[in-house]
Amino acid sequence: IINHGDMVLYLSNDTLPMVSKHLIKYSKFKLDSGRDNKWFKDKYKKIDKKFYKKSGYDLGHLTPSHITSYNDTLNHKSFSLYNQAPQLAKFNEGSWKKLEASVEDSIFKYKCDAKIITGVIYDSVSKFLPESKIKIPSHYFKILYVANKTYCWIGSNTTCEIKKTTLIELNTIFKKNKMGLTII
């Protein structure tokens, strides 16, 4: 577990990113176009971003940079290499980006504090970025708790499709993939 202010990162036993939890106080929430964009290695990080070059994958944020732009320090910390996993560029810059914008819109719509949980699912048959030990997740998921409502989505890191889901379905997937993760 790595604490970065309003953002907490949860890692697997082999220090791969699994989940990011971000708490947003609506009274402080605003979106800027400013972005730190300087990736850094947290303590103990062995993986280098050089493996992403020409791989077809982006450094996909779990807690997105844009939603942390209300706080320069937190925005910088969103560029931790623990807060990323390989995300197909087309997925990151397309359907996932639209989902993240709709989550931001929901926070503005409900005008209240929110909790966002974003994570990755690694299949039992691991795929890696070329010449690296960086696992490629098969899926990304996002959960939004806002105004006593829960919204859940799962997106394919191969087909780029996103569908609504439930916590029950997500927890079933976590169990099936032996992730040692349960979200309530």
Side-chain angles (χ1 to χ4, degrees), residues 1-4 6-23 39-42 44-49 51-52 55-68 77-103 115-130 132-145 150-184:
I1 298 175
I2 297 176
N3 237 317
H4 283 314
D6 296 339
M7 177 177 61
V8 181
L9 306 172
Y10 299 86
L11 310 177
S12 67
N13 290 338
D14 53 1
T15 68
L16 290 169
M18 293 287 290
V19 177
S20 171
K21 179 175 71 174
H22 181 204
L23 304 175
W39 289 96
F40 69 93
K41 293 181 185 183
D42 269 305
Y44 308 121
K45 190 64 177 173
K46 302 171 197 166
I47 299 169
D48 196 308
K49 66 181 186 175
F51 295 109
Y52 284 82
S55 70
Y57 289 89
D58 287 347
L59 290 143
H61 280 83
L62 298 185
T63 293
S65 165
H66 191 248
I67 207 161
T68 63
K77 296 205 180 222
S78 78
F79 285 89
S80 162
L81 287 175
Y82 281 125
N83 186 41
Q84 66 75 36
Q87 192 170 32
L88 199 59
K90 178 179 163 187
F91 181 42
N92 186 32
E93 297 160 18
S95 55
W96 194 254
K97 185 176 183 176
K98 287 178 187 171
L99 173 62
E100 289 176 335
S102 73
V103 167
K115 178 171 33 173
I116 302 169
I117 297 173
T118 307
V120 294
I121 298 169
Y122 299 102
D123 278 347
S124 56
V125 178
S126 300
K127 290 174 41 178
F128 298 87
L129 287 179
S132 80
K133 293 183 180 182
I134 302 174
K135 274 189 192 176
I136 300 171
S138 62
H139 293 81
Y140 276 69
F141 67 88
K142 188 170 291 291
I143 303 165
L144 169 64
Y145 296 99
T150 304
Y151 301 94
C152 304
W153 301 270
I154 188 166
S156 169
N157 200 23
T158 53
T159 67
C160 307
E161 293 179 73
I162 296 175
K163 68 175 191 169
K164 288 184 178 178
T165 189
T166 66
L167 285 176
I168 292 169
E169 289 172 347
L170 282 174
N171 284 322
T172 300
I173 292 167
F174 301 154
K175 187 175 182 178
K176 177 183 159 198
N177 286 294
K178 300 177 182 165
M179 292 175 58
L181 180 66
T182 303
I183 297 178
I184 52 174

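Around atom NZ of Lys115, more than 12 heavy atoms belonging to other residues, nucleotides or ligands sit under 6.0 Å away.
One finds the CG atom of Asn171 at 8.5 Å from the CD1 atom of Ile168 (value rounded to the nearest 0.5 Å). We find the NE2-CD1 distance between His22 and Ile67 to be 6.5 Å, quoted to the nearest 0.5 Å. Rounding to the nearest 0.5 Å places NE2 of His4 at 8.0 Å from CG of Asn83. Distance CG/Leu16 to CD/Gln84: 9.5 Å, rounded to 0.5 Å. Remark: Leu88 CG to Tyr140 OH distance equals 10.0 Å, nearest 0.5 Å. Of the inter-residue distances, the one linking Ile117 atom CD1 with Leu62 atom CG reads 12.0 Å to the nearest 0.5 angstrom.
Side chains of Phe91 and Ile162 form a contact here, defined as non-hydrogen atoms less than 4.5 Å apart. A heavy-atom distance below 4.5 Å is found between the side chains of Ile143 and Cys152. Taking the side chain as every heavy atom from C-beta outward, Met18 and Tyr122 approach each other to under 4.5 Å. For the pair Leu81/Leu59, a side-chain contact is recorded, criterion being any heavy-atom separation below 4.5 Å from C-beta on.
By the side-chain contact (heavy atoms from CB on, under 4.5 Å) test, Ser55 pairs with Tyr52, Tyr57, Leu129, Pro130, sequence neighbours left out. Here Phe141 pairs with Phe174 under the ring-ring contact (aromatic ring centres under 6.0 Å, His included) rule; sequence neighbours left out. Qualifying side-chain contact (heavy atoms from CB on, under 4.5 Å) partners for Ser138, counting only residues two or more places apart in sequence or in other chains: Ile121, Asp123. Not counting sequence neighbours, Thr172 has no partner by the side chain to side chain donor-acceptor pair (under 3.5 Å) test.
No side-chain donor-acceptor contact under 3.5 Å links Asn92 to the backbone of Gln87. A donor-acceptor pair under 3.5 Å links the side-chain atoms of His61 to the main chain of Ser78, judged by distance alone. The main-chain N or O of Pro86 is found under 3.5 Å from a side-chain atom of Asn157 such that the two form a donor-acceptor pair.
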Counting only pairs under 3.5 Å, give me each side-chain donor-acceptor contact of residues 93-100, with atom names and distances, residues two or more places apart or in other chains.
| from | atom 1 | to | atom 2 | distance (Å) |
| --- | --- | --- | --- | --- |
| Ser95 | OG | Cys160 | O | 2.6 |
| Trp96 | NE1 | Glu100 | OE2 | 3.0 |

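What you find for Tyr10 and Lys21 is that their closest heavy atoms are OH-NZ, 3.6 Å.
Pairs engaging residues 151-172 under the ring pair (Phe, Tyr, Trp, His ring centres under 6.0 Å) rule: none recorded [sequence neighbours left out].
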